[in-house]
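Small disclaimer: the values here were computed from a predicted structure and weren't measured. Every chain is numbered from 1, with letters handed out A, B, ... down the list of sequences.
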Amino acid sequence: MEKRVRVRFAPSPTGGLHMGGVRTALFNYLFAKKHGGDFILRIEDTDQTRFVDGAEQYIIDALKWCGISPNEGVGFGDGPHKPYRQSERKELGIYKKYADKLIASGHAYYAFDTSEELDEMRKRLEAAKVVAPQYNAVTRQNMRNSLTLPEDEVKKLLEAGAKHVVRLKVPRNEEIRFNDIIRGWVVVNSAQVDDKVLLKSDGMPTYHLAHIVDDIEMQISHAVRGEEWLPSAPAHILIYRYLGLENEMPKLAHLPLILNPDGNGKISKREARFPVFPLSWKDPREATPYTGYRESGYYPEAFVNILALLGWNPGNNEEIFSVAQLADIFEFERVHKSGAKFDPEKAKWFNQQYLRKHSDAELAAVFKPLLKEKGYERSDAFLVDFCKLVKEKVQFVHEFWDHGKYVFEPPLSYDEKVITKKWNEKSKSIFIIVSEKFKNTSEWTVENITKSFHDAEAETGKIDMQLLRVLITGVAGGPQLFDMLALIGREESVKRMETALHKLTQ
RNA sequence: GGCCCGUUCGUCUAGGGGUUAGGACACGUCCCUUUCACGGAUGAAACACGGGUUCGAUUCCCGUACGGGCUACCA
């Protein structure tokens, strides 16, 4: 019988969760939902030196905002496998138990080398032109460990509480192969794998031991993680094997990385041209906070949609998917092997698609407080009309202001290009007639404004609408002009025209 | 450097032994529009290179180049 699907997202709280991490979480979540399984959040806080205050809460908040909440784990309620924080699990002695088992079976050993001694070893190997200096089957013979030291000395050292780590005893020359769901068979010779530290001298497990122990104890069925883990996967296979758990180990899936849009390499938070974090992130060690997708005006649905299509696709031409839809159709078979460059432009387009799904009333309600910040207030009905008009121009709600602020305040300048090209000595007299017609318009509606404009044209000949637009709004583009005038109001429209005529004829 | 992974328009990608190599973003042009957009239509734009295998390779195999990852008592 197939194991129940249980997957986990297991970040370390060493900083803000960036979009690559969110995508890993997302793919785990989608896979769990698709198969009616469990999605777990486990916090891998085994590195006490890199622990960052607030990072754990940030991870929880970010997942919530994205709508990809785990159903078990830190911040989401305990399940049968609590605790879900590795530091707490360490206190329970869970990891040491497994390490001891490996030592007892001869697959792991104590190493007493200091970091200075390790440095020396590396320097020595480099000087000897060894291509890949590492602690392995060959070099461990010259180091201070329970394989080289006499048995009674090892015992004495341990009893005296000498600092030591536990290392995996990797065979010298053995082919290790595993079948990755995304990449197929991967083969590595154990000579390339070093004797990984399993238990650190502070008693904490390393990632390599901890995630294996937890995946087994939490009955994880699939370990889905980034490609950066591919090189250490052979060591993990060995650990499962030596623990006698190779048949129970989760299936492996290594996700392709999200790459920088320009330049190269993994996406990095220093790349300030677009947000890297889902929510703004203030690193306690750094002065300036990083902006997030949320603060940049992205809908979480759009953000998740963007991420889903980076490295995965449904196999057809559709691009807009809700999380629920994604959960229906997601499969690892359609996940790519190669990394995907992130395109900030397309990300904006996605947000636009989601913005358009909202009604004018919904948009107005969100825009209302933004407008108030700018110092203006209008009735809900007015804002609904406003949003209806400006909607087609914007990709983000905050752009309602950028693209429509002239509805609320008069222009400070007039589009140079349009003025240079279209303003001439006849213009003033023409627009004086227009403003007269506007003053006499019965009720200030789009229909009547149009009619008044036509009446003016009957007297003056064809009037340039873009020029009229610039006189009133200052800018060359925007939504339907007469609709805008209706919103701006008769008195204000006429006043602005007169101001413009005055300024332009000075 | 070594090891591992990868490579279809600028970007995200579909496809797959015989196709006019499809779509999306961005870009150009046109239509609609007395302004502006939306929308519609359309254009330019890709199988990294070299060898095989094959009647035929972008598709399969091998090299090369290029890109990425890893190379800690970090994850």
Tell me whether the OP1 or OP2 atom of [N] has a side-chain N or O from [X] closer than 4.0 Å.
X	N	result
A:R167	B:C73	yes
A:K266	B:C70	yes
A:N313	B:A14	yes
A:K200	B:A75	yes
A:R225	B:G69	no
A:H336	B:C5	no
A:K341	B:G68	no
A:S115	B:A72	no
A:R356	B:G39	yes

**Request:** Report the distance from atom CG of A:L307 to atom CZ of A:F342, rounding to the nearest 0.5 Å.
**Result:**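 These two atoms lie 8.0 Å from each other.
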
Counting only heavy atoms not in [X] (residues, nucleotides, ligands), do more than 12 fall under 6.0 Å from its [atom1]?
X	atom1	result
A:K422	NZ	yes
A:K200	NZ	yes
A:D53	CG	no

Pick base, sugar-phosphate or nothing for [X], based on heavy-atom distances below 4.0 Å to the nucleic acid.
X	value
A:A476	sugar-phosphate
A:D113	base
A:R183	sugar-phosphate
A:K337	sugar-phosphate
A:E392	base
A:L481	base
A:V165	base
A:T14	nothing

**Asked** Can a donor-acceptor pair under 3.5 Å be found between the side-chain atoms of A:K346 and the base atoms of B:A26?
**Response**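 Looking at the base of B:A26, it does not pair with any donor or acceptor on the side chain of A:K346 (distance under 3.5 Å).
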
**Message:** Once hydrogens and angles are ignored, does a donor-acceptor distance under 3.5 Å link the base of B:U34 to the side chain of A:E457?
**Reply:** yes

**Request:** Rounded to whole angstrom, note down the C1' distance from B:C47 over to B:U7.
**Result:** 10 Å

**Message:** Checking contacts here: which listed nucleotide (B:G69, B:A75, B:C36) is nearest the side-chain heavy atoms of A:E44?
**Reply:**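 Ranking B:G69, B:A75, B:C36 by closest atom to the A:E44 side chain puts B:A75 first.
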
**Request:** Using the salt bridge (Lys or Arg N to Asp or Glu O under 4.0 Å) rule, take A:R89 and A:D214 through it: C-alpha gap first, then chi angles, then the decisive distance, then the call.
**Result:** CA-CA 9 Å; A:R89 299 175 67 75; A:D214 288 342; 2.6 Å; yes

**Pair partner, B:A65 [Watson-Crick or wobble, under 3.5 Å]** =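 Across any shown strand, B:A65 pairs with B:U7.
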
**Asked** Where each residue is assigned the nucleotide of RNA chain B containing its nearest heavy atom, which of A:H454 and A:L230 is assigned the position nearer the 5′ end?
**Response** A:L230

**Message:** Using only atom types and a distance under 3.5 Å, with no angle test, would you say the side chain of A:Q325 pairs donor to acceptor with the backbone of A:S322?
**Reply:** yes

